[in-house]
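The block underneath contains the structure these notes are about, expressed in structure tokens.
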Amino acid sequence: ASGILTDASQVTAALLDEEGELLHYGKVGERDVESSKVTIPAGLSVGSYSLYLFAEEVNDKDQTDYASALGTAIPIQVITAIEDAAVTGIAAPVGGDVLEPTAACSTTGVGSISAVTWSSNGTAAGQSADYHTAYTASVTLTPAEGYGFPADITKADVTVNGETAASVTLETDGTLT
């Protein structure tokens, strides 16, 4: 920060809403700080925000304060967490019949559900179920706009046809498989 404004006394953060209105402003570190923790205030409404960090020289009450340019915003997206999900409508495989690709999820915040993919012992299944074969059904849940799955979601938080899911994976794109 001191290289941006040579007499800077501190590093300051400003949080703005989508319309550019200043919501929060405050010191996050001294002028020569190499890293600092910024806590986003609790209770922000779902939406998009911009966080700016900049150098600031804070003077006595009778002197003018100076600040560097805001620079590039750090985007912040506040979402509503989908704490649990219920997948329904997956038909159990029947030997000789077509493996059904349909499933449903009416959990608030889930925007879409993929077709069911079937596998047996880690190998993709064909179109029809074999006799005396165990199958695994897999679906991907995509959050609706403004929603997301928390990083700590587990299989205990997801049910499939009323039973606890065998496994869940939170993908890097925010979907849940």
Does [X] reach the side chain of [Y], with side-chain heavy atoms less than 4.5 Å apart?
X	Y	value
Glu83	Pro150	yes
Ser45	Val78	no
Thr177	Val139	no
Asn161	Val87	no
Leu176	Thr140	no

Any chance you could measure [X], atom [atom1], to [Y], atom [atom2], to the nearest 0.5 Å?
X	Y	atom1	atom2	value
Leu53	Thr72	CG	OG1	11.0 Å
Asp97	Gln127	CG	CD	13.0 Å
Ser112	Leu141	OG	CG	8.0 Å
Leu51	Leu16	CG	CG	9.0 Å
Ile76	Ile74	CD1	CD1	7.0 Å

Which heavy-atom pair separates [X] from [Y] by the least distance, and what is that distance?
X	Y	value
Ser68	Phe54	OG-CB, 3.4 Å
Gly174	Phe149	O-CD1, 3.5 Å
Ser128	Tyr135	O-OH, 4.1 Å
His24	Leu44	NE2-CD2, 4.5 Å
Val116	Thr102	CG2-O, 3.6 Å
Gln77	Ser48	OE1-OG, 2.7 Å

Within the distance-only criterion (no hydrogens, no angle test), does the side chain of [X] pair as donor or acceptor with the backbone N or O of [Y] below 3.5 angstrom?
X	Y	result
Trp118	Pro93	no
Thr169	Glu171	no
Asp17	Leu23	no
Thr107	Ala86	yes
Thr159	Thr164	no
Ser9	Val58	yes
Thr12	Lys27	no
Thr133	Tyr131	yes

Same apolar cluster: [X] and [Y], side chain cutoff 4.5 Å:
X	Y	answer
Val11	Ile40	yes
Leu170	Val168	yes
Ile79	Tyr49	no
Tyr147	Val158	yes
Leu99	Val94	no

*asked:* Please determine whether the number of non-hydrogen atoms from other residues, nucleotides or ligands lying under 6.0 Å from atom CG of Asn121 exceeds 12.
replied: no

*Does CD belonging to Glu163 count more than 12 external heavy atoms closer than 6.0 Å?*
no

_Verdict with supporting geometry, Ile153 and Ile82, side chain to side chain contact (heavy atoms under 4.5 Å, CB included)_ = CA-CA 9 Å; Ile153 195 164; Ile82 304 169; 5.8 Å; no

